[in-house]
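Worksheet: the structure to be examined is printed underneath.
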Amino acid sequence: MSNFQLCLHFIPQDGLSNSSKLVIFVGMRNLRLLFLVTVLLSAISPNYAKADFSVKQSGVIMAGHALKFSVTGSVQPDSIQFYGGTTHFKYVQPLLGASLQGPHLKEGSSSIDYTLYKDGSPYGGHLDLTLMPGWLSIIPPLIAILFAILFKEVISSLFLGIFAGVLLHLHYSASGTPLLSGFFLSITDYILPSIAHEGHMSIILFSTLIGGMVAVISKNGGMAGMVQRISRYASTRISAQLATWSLGILIFFDDYANTLVVGNTMRPVTDKLRISREKLAYIVDATAAPVASVAFVTTWIGAQLGYIQDGISSIYGLEGSPYSVFISSLKFSFYPVFTLAFILILILSKKDFGPMYHAENRVLRDEEAETDLAESEEIKALEPDPNAPKRAFNAIIPVLVLIFGTLAGLWVTGFDPLIWTDPERGFWSRVSGIIGNADSYKALLWSSLSALGTGITLSVGQRILNLQQSLSVMFKGFGFMLNAVVILCLAWTLSTLTENLDTARYITGFLQDLNASPFLLPALTFLLAALVSFSTGSSWSTMAILYPMILPASWFLCASQQFPEVDTLNLFYNVVSCVLAGSVLGDHCSPISDTTILSSLATSCNHLSHVRTQMPYALLVGAISVVIGTIPSSFGIHPLVLYPLGFLAIYMLIRIFGKHTI
């Protein structure tokens with residue numbers, strides 16, 4: 001029987017590579033063998049037969065910014081190479097199933113070409129992109145801020161900003177999702193993940209537990225006893241404000257704990273002495289972040305050092321650790337220091353101006369404050385039981401448990417024998433390293449739960465309240481936090497959307513294009529950080545974005561112009577400080593900032609009233625910081641000369657424009 005010649009060709013799907021040919025001679029008697037060989041060959045070459053790759057845009061992309069893409073396919077490709085429309089770029093690592101960031105697009109480019117490789121075989125393709133104009137990225141926070149100011153209502157304004165951001169994100173991320181579904185996706189795909197974030201949940205639980213503790217120690221008469229005790233030393237409007245200012249500085253280790261503890265503790269005292277809730281909220285807010293941001297041992301230090309490390313990792317020639325960079329930058333912390341001095345001079349002078357002056361006079365005239373209905377209900381619910389003894393220790397002990405419990409939790413979660421036994425570290429450097437290494441969320445949750453448990457135990461143990469009454473009051477305290485928690489969740493969602501829309505990078509790029517003198521870089525950095533923080537409502541996210549971008553830029557800009565090392569370091573440390581200081585200023589002015597919201601919450605002040613009265617003070621101190629502090633120090637004037645000048649300027653401005661309250 002004659003033989004047959006069988007030719008098998010293997011051709012990749014795109015036909016770009018040479019085909020392979022296998023020639024097999026078989027006889028009719030070997031049909032079984034032919035069938036077996038065919039089955040085996042089909043089994044050993046599935047990669048070519050089944051390879052089906054697709055590259056898609058996976059996020060919002062601006063012209064000139066980084067490409068965001070994802071790869072789908074039946075098998076894992078080896079690499080992808082981009083060309084045409086972007087810089088030459090090859091990406092080699094697992095590609096399937098993840099949103100990846102590629103090279104920067106060329107100006108004017110709206111499409112790219114790419115080639116995927118699998119086992120040496122290329123699979124080419126073309127991708128048309130949906131690019132978003134950069135200015136659109138500022139629309140969501142702008143809508144939220146303007147509507148909140150115009151209509152004096154925060155929750156609906158935040159949701160409108162979120163809805164606008166969701167529509168932009170859906171359209172310009174090329175997801176193919178109908179825009180009409182944006183209203184519903186705002187809840188399921190954007191707000192819900194923000195709430196589910198571990199850090200956010202920790203803040204919600206911490207704030208709720210604090211609310212429960214405050215309710216219990218108010219109902220058992222402890223808060224009334226504490227008010228009587230403090231009133232002995234805070235018997236006048238000035239002494240009460242000084243006590244609030246001092247407590248704000250003493251509780252330096254965390255801005256959240258500072259805000260909630262000081263606000264809730266001093267509110268009954270200041271109410272009794274007819275100090276407006278707006279003035280109390282300002283003192284609480286303006287001593288929280290400024291102190292926590294510059295103290296050596298705080299919950300901020302770990303994040304700050306991490307952000308600084310990201311910024312200096314690419315700088316060659318800079319000697320020193322992130323901690324040493326942070327310490328060296330503190331002498332340029334004009335805004336935090338001037339803010340604390342401004343409050344002190346304001347209190348001692350007995351003067352106010354702008355909206356705060358009218359708020360103070362309103363209270364002194366016994367006019368109704370601008371408050372929410374929930375606040376009056378809270379006051380009634382938290383009035384002490386008529387039969388409850390006014391024992392200060394029933395409030396002092398839980399508050400001390402909260403404070404020292406937080407410190408103990410920071411120590412437990414951050415302790416590292418390598419840090420504590422490091423011979424190159426001093427004592428405070430070791431303590432700071434441990435605190436910076438700590439899990440602040442765990443510490444705050446442990447301490448707030450312990451404080452609440454302590455308050456309930458004291459109430460039940462002394463038979464002031466029974467267990468059922470204590471739990472009922474606790475749940476009322478939880479409920480009073482709902483409004484603030486909703487605002488926090490919406491603010492976090494808007495912050496996440498601004499990050500997805502690259503709002504901060506757009507603002508940063510816009511200011512970088514100004515190509516200003518290196519001597520003006522610290523001042524521009526301060527303004528940029530304030531603007532980004534104001535728009536996003538987060539000083540931490542502002543630092544996370546700006547430090548890695550601004551620090552190398554400032555160093556290389558000075559190096560390119562052959563600045564002496566002394567001048568380069570002076571400008572560099574100034575820029576490091578300005579990122580932090582500007583972030584705090586923007587945080588103080590933003591109605592969507594979490595610490596601003598918490599200050600309103602802790603003092604039971606109408607949130608928009610707090611923002612409206614605080615903003616003029618914050619902007620004035622910010623202007624003094626830039627004009628008298630940042631700019632002159634950039635030209636080499638020593639900060640020790642500038643601080644007294646700043647204090648004098650603050651005193652003169654308050655003396656000229658301030659008015660005595662009636």
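Hydrogens, waters and symmetry mates are skipped; everything else that's a heavy atom, side chains included, is used.
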Shortest non-hydrogen contact from [X] toward [Y]:
| X | Y | result |
| --- | --- | --- |
| A289 | V584 | CB-CG1, 4.0 Å |
| N220 | G455 | ND2-O, 4.0 Å |
| A240 | A234 | CA-CB, 3.6 Å |
| A215 | V473 | O-CG1, 3.3 Å |
| I631 | A523 | CG1-CB, 3.8 Å |
| A359 | S276 | O-CB, 3.7 Å |

In Å, rounded to the nearest 0.5 Å, how long is the span from [atom1] of [X] to [atom2] of [Y]?
| X | Y | atom1 | atom2 | result |
| --- | --- | --- | --- | --- |
| S609 | H358 | OG | NE2 | 13.0 Å |
| D285 | T596 | CG | OG1 | 4.5 Å |
| S186 | L192 | OG | CG | 12.5 Å |
| S459 | M474 | OG | CE | 12.0 Å |
| F534 | M615 | CZ | CE | 4.5 Å |
| L458 | L465 | CG | CG | 11.0 Å |

Side chains of [X] and [Y] only: does a donor on one sit below 3.5 Å from an acceptor on the other?
| X | Y | value |
| --- | --- | --- |
| S577 | S329 | no |
| Y335 | H588 | yes |
| N606 | E278 | no |

Can you tell if the side chain of [X] reaches within under 4.5 Å of the side chain of [Y], non-hydrogen atoms only?
| X | Y | result |
| --- | --- | --- |
| H610 | I597 | no |
| L402 | P398 | no |
| K476 | K219 | no |
| T493 | F159 | no |
| S202 | L444 | no |
| L348 | L242 | yes |
| P140 | L494 | yes |

Closer than 3.5 angstrom, by distance alone: can the side chain of [X] be matched with the main-chain N or O of [Y] as a donor-acceptor pair?
| X | Y | result |
| --- | --- | --- |
| W245 | L340 | yes |
| R274 | L364 | yes |
| S472 | Q468 | no |
| Q469 | N466 | yes |
| S533 | G582 | no |
| S194 | Y190 | yes |
| S349 | L346 | yes |

Between L467 and I456, does a side chain to side chain contact (heavy atoms under 4.5 Å, CB included) hold up when you go through it step by step?
CA-CA 8 Å; L467 183 59; I456 293 175; 4.2 Å; yes
Among T287, I283, T259, which residue meets the side-chain contact (heavy atoms from CB on, under 4.5 Å) test with S599?
T259
If you apply the rule side chain to side chain contact (heavy atoms under 4.5 Å, CB included), what do you find for H197 with T496, and how did you get there?
CA-CA 11 Å; H197 185 277; T496 301; over 6 Å; no
Can you give each donor-acceptor pair under 3.5 Å made by side-chain atoms of residues 616-627, sequence neighbours left out, with the distance rounded to 0.1 Å?
| unit_1 | atom_1 | unit_2 | atom_2 | d |
| --- | --- | --- | --- | --- |
| Y617 | OH | D352 | OD1 | 2.8 |
| Y617 | OH | F353 | N | 3.2 |
| Y617 | OH | F353 | O | 3.4 |
| S625 | OG | V621 | O | 2.7 |

Pair S604-R267, side chain to side chain donor-acceptor pair (under 3.5 Å): steps then yes or no:
CA-CA 8 Å; S604 291; R267 185 180 63 219; 3.1 Å; yes
Surrounding CZ of F393 (heavy atoms of other residues, nucleotides or ligands, distance under 6.0 Å), is the total greater than 12?
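Buried by this count: over 12 neighbours within 6.0 Å.
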Hey, do the aromatic rings of [X] and [Y] have their centres closer than 6.0 Å?
| X | Y | answer |
| --- | --- | --- |
| F332 | F526 | no |
| F334 | Y643 | yes |
| F475 | F478 | yes |

So L280 and C605, side chain to side chain contact (heavy atoms under 4.5 Å, CB included) or not? Walk me through it.
CA-CA 9 Å; L280 174 62; C605 176; over 6 Å; no
Residues K351, E360: salt bridge by 4.0 Å N-O rule
no
Check each of R237, R277, K279 against D271 using the salt bridge (Lys or Arg N to Asp or Glu O under 4.0 Å) test, and report the only one that passes.
R277
Could you walk me through whether I275 and V363 satisfy the side chain to side chain contact (heavy atoms under 4.5 Å, CB included) test, starting with their C-alpha distance in whole Å, then the side-chain angles of each, then the deciding distance to 0.1 Å, before giving a yes or no?
CA-CA 7 Å; I275 297 170; V363 173; over 6 Å; no
Test log, rule side chain to side chain donor-acceptor pair (under 3.5 Å), inputs S239 and T236
CA-CA 5 Å; S239 59; T236 65; 2.9 Å; yes
